[in-house]
**Q** 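Please see the structure below; I have some questions.
Note that the structure is predicted; figures quoted are calculated from it, not measured. Any value given below was found using the heavy atoms of this structure, including those in side chains, with hydrogens, waters and symmetry copies removed.
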Amino acid sequence: MLWGTTYLGIRIALETIPPALVGGLRYTAAGTLLIGILSVRGEGMISPSQWRGMALIGLLTICIGNGGVIWAEQWVPSGIAAVTVATVPFWMIAIEAFTRDADPLSTRLVFGLFVGFGGILLLVWPDIAAGNAAAHQFLRGIMALQIACVGWALGSALSRRHARKENVLSASAMQMLFGGLFMLAAATVRGEWSHLAFTPRTLLAEIYLTLVGSIVGYSAYTYALRTLPTATVSLYAYANPVIAMVLGSMVASEPFGPRVVIASLMVLTGSALVQWKGPAASRVRAQGPKDSRLKRLRAFP
């Protein structure tokens, strides 16, 4: 549920911090701090031979995945961004359809995809159809969110295929560090450093994103993966958009009318239909590698 609050944190941070620096500073600091904490505790770190894989996963999930969300929130309300991100399972289904061990397409799965994408269309079409400059920027944001979803889905699939027995916190720290460095490089290329400024409000938002959204959020999530049933852990994916929409409406006066509520329910229903495997399939999967199954659940920002 902590991650549901980060969408509003991103929107606030963007008031004075350029988008690539919002993510670059956050994840570089979070990764560095977490590595320091693990080193003090004497926990094993990822070996250099695995850095290339960690860097690729960080590029996909942190730089493209979270970076896309940050970029989009320049024009898309935080609540709508959170609901759009809930389509990640749809893209994961599409990616896994090309693998040899993919689940066959079922009527329920196809229906879930139609319901989910129908909800996205209902959510964004009125703003896109306006045809003005704001509509074009909104469309750019929605496209960035879908690219972000694809990046996260690819990174998650890669993480599943190459799951190892390394320290989970250490892997998360390296992924955050590499992803943050990629975003800092992008910020440098775009000339964002000259536009960097802080106010008490945006500084607090960036600190919150770093400590609560990244370090505490990732730590709590990995702990949950080890101690809670899969079905319980997956509930966060449905709580995040609700929290983001309520906070966005209360703090930033974002839209929260009947259309947004109905569209959000359609997206979350579609996501639930796509992810639900049924009792029999759940028992079969429970006999397989638990870590691979849980890797699919990770979300962002």
**Q** Can you tell me if Gln137 uses its side chain to pair, donor with acceptor, with the backbone of Trp75 under 3.5 Å?
**A** no
**Q** Does some side-chain heavy atom of Leu33 sit less than 4.5 Å from a side-chain heavy atom of Leu211?
**A** yes
**Q** Could you tell me whether a side-chain N or O of Thr202 sits under 3.5 Å from a main-chain N or O of Phe198, the two making a donor and an acceptor?
**A**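 Not at all, since once roles are kept as given, no pair shorter than 3.5 Å links the two residues.
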**Q** Do any N or O atoms from the side chain of Ser253 and from the backbone of Ser249 form a donor-acceptor pair under 3.5 angstrom?
**A** no
**Q** Does atom CZ of Phe114 have more than 12 heavy-atom neighbours from other groups under 6.0 Å away?
**A** no
**Q** For Arg52, check salt bridge (charged side-chain N to carboxylate O under 4.0 Å, His left out) against everything at least two apart and list the hits.
**A** none
**Q** Less than 4.5 Å apart, side chain to side chain, heavy atoms only: is that true for Leu209 and Ser214?
**A**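 When only atoms from C-beta onward are counted, Ser214 and Leu209 do not touch, as no gap falls below 4.5 Å.
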**Q** Would you say Phe182 and Ile62 make side-chain contact, with heavy atoms under 4.5 Å?
**A** no
**Q** Measure the shortest side-chain to side-chain distance between Phe178 and Tyr27 over non-hydrogen atoms and say whether it is less than 4.5 angstrom.
**A**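 Phe178 vs Tyr27: side chains apart.
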**Q** At what distance, to the nearest 0.5 angstrom, does OH of Tyr7 lie from CE of Met245?
**A** 11.5 Å
**Q** Rounded to the nearest 0.5 Å, how far does CG of Leu273 lie from CG of Leu268?
**A**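 Rounded to the nearest 0.5 Å, the CG-CG separation comes out at 11.0 Å.
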**Q** Say whether, by atom type as modelled, one donor and one acceptor occur between the side chain of Arg201 and the main chain of Ile12 under 3.5 angstrom.
**A** no
**Q** As an exercise, state the distance from CD of Glu206 to CG of Leu21, rounded to the nearest 0.5 Å.
**A** 8.5 Å
**Q** When hydrophobic residues are tied together by side-chain contacts of less than 4.5 Å, even through go-betweens, does Leu145 share a cluster with Met143?
**A**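 Yes, one cluster joins them.
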**Q** Side-chain donor-acceptor pair under 3.5 Å between Thr5 and Tyr208, yes or no?
**A** yes
**Q** Do Ile70 and Met183 have side chains that get closer than 4.5 Å, going by heavy atoms?
**A** yes
**Q** Are Leu203 and Ile17 co-members of a hydrophobic cluster defined by side-chain heavy atoms under 4.5 Å apart?
**A**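 Yes, Ile17 connects to Leu203 through the hydrophobic network.
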**Q** Do Leu169 and Leu38 make a side-chain contact, defined as non-hydrogen atoms from C-beta onward lying under 4.5 Å apart?
**A**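 Side chain of Leu169 against side chain of Leu38, heavy atoms only: contact under 4.5 Å found.
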**Q** For the pair Thr84 and Val76, evaluate side chain to side chain contact (heavy atoms under 4.5 Å, CB included) and give the outcome as yes or no after the intermediate values.
**A** CA-CA 10 Å; Thr84 306; Val76 178; 5.6 Å; no
**Q** Quick one: closest heavy-atom pair of Gly141 and Ala72, and the distance?
**A** O-CB, 3.2 Å
**Q** Linking I/L/V/M/F/W/Y whenever their side-chain heavy atoms sit closer than 4.5 Å, directly or via other members, would Leu265 and Leu121 fall into one cluster?
**A**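 Not linked; separate clusters.
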**Q** From Ile35 CD1 over to Ile46 CD1, what is the distance, rounded to the nearest 0.5 angstrom?
**A** 9.5 Å
**Q** Same cluster for Val261 and Met250 if Ile/Leu/Val/Met/Phe/Trp/Tyr side chains link at under 4.5 Å?
**A**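 Yes; Met250 is reachable from Val261 via cluster members.
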**Q** Does either side chain, that of Glu254 or that of Ser78, offer a donor lying less than 3.5 Å from an acceptor on the other one?
**A**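 There is such a pair (donor and acceptor under 3.5 Å, judged by atom type) between the side chains of Glu254 and Ser78.
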**Q** Looking at every heavy atom in both Gly179 and Cys63, which two are closest together, and how far apart are they?
**A**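 Smallest heavy-atom distance, with atoms named: O-CB, 4.1 Å.
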**Q** In terms of hydrophobic clusters joined by side-chain contacts under 4.5 Å, are Ile37 and Met174 together?
**A**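 In one cluster: no.
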**Q** Evaluate the side-chain proximity of Glu73 to Pro19: yes if any heavy-atom separation is below 4.5 Å, no if none is.
**A**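 Not in contact.
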**Q** Calculate, to the nearest 0.5 Å, the distance between atoms CE and CD1 belonging to Met176 and Ile57 respectively.
**A** 13.5 Å
**Q** Kindly give the heavy-atom pair with the smallest separation between Val83 and Leu123, and that separation in Å.
**A**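 What the structure gives for the nearest pair is CG1-CD2, 3.9 Å.
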**Q** Decide yes or no for Trp71 and Ile147: does some side-chain heavy atom of the first lie under 4.5 Å from some side-chain heavy atom of the second?
**A**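 Of all side-chain heavy-atom pairs linking Ile147 with Trp71, none is under 4.5 Å.
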**Q** Work out which heavy atom in Ala263 is nearest to a heavy atom in Gly119; give both atom names and the distance.
**A** CB-O, 3.3 Å
**Q** For a quick test of reading the model, state the closest non-hydrogen atom pair linking Ala252 to Leu8 and the distance between them.
**A** CB-CD1, 4.2 Å
**Q** Which residues end up grouped with Leu204 if you chain together Ile, Leu, Val, Met, Phe, Trp and Tyr wherever their side-chain heavy atoms are less than 4.5 Å apart?
**A** none
**Q** Looking only at heavy atoms, which two atoms of Thr28 and Gly24 are closest? And how far apart?
**A** OG1-O, 2.7 Å
**Q** When rounded to the nearest 0.5 angstrom, what distance separates CG in Asn66 from CG in Leu60?
**A** 11.5 Å
**Q** Check whether any side-chain N or O of Glu192 sits under 3.5 Å from a backbone N or O of Ala20 as a donor-acceptor pair, and report yes or no.
**A** yes
**Q** Return yes if a side-chain donor-acceptor contact under 3.5 Å exists between Thr199 and Thr16, otherwise no.
**A** no
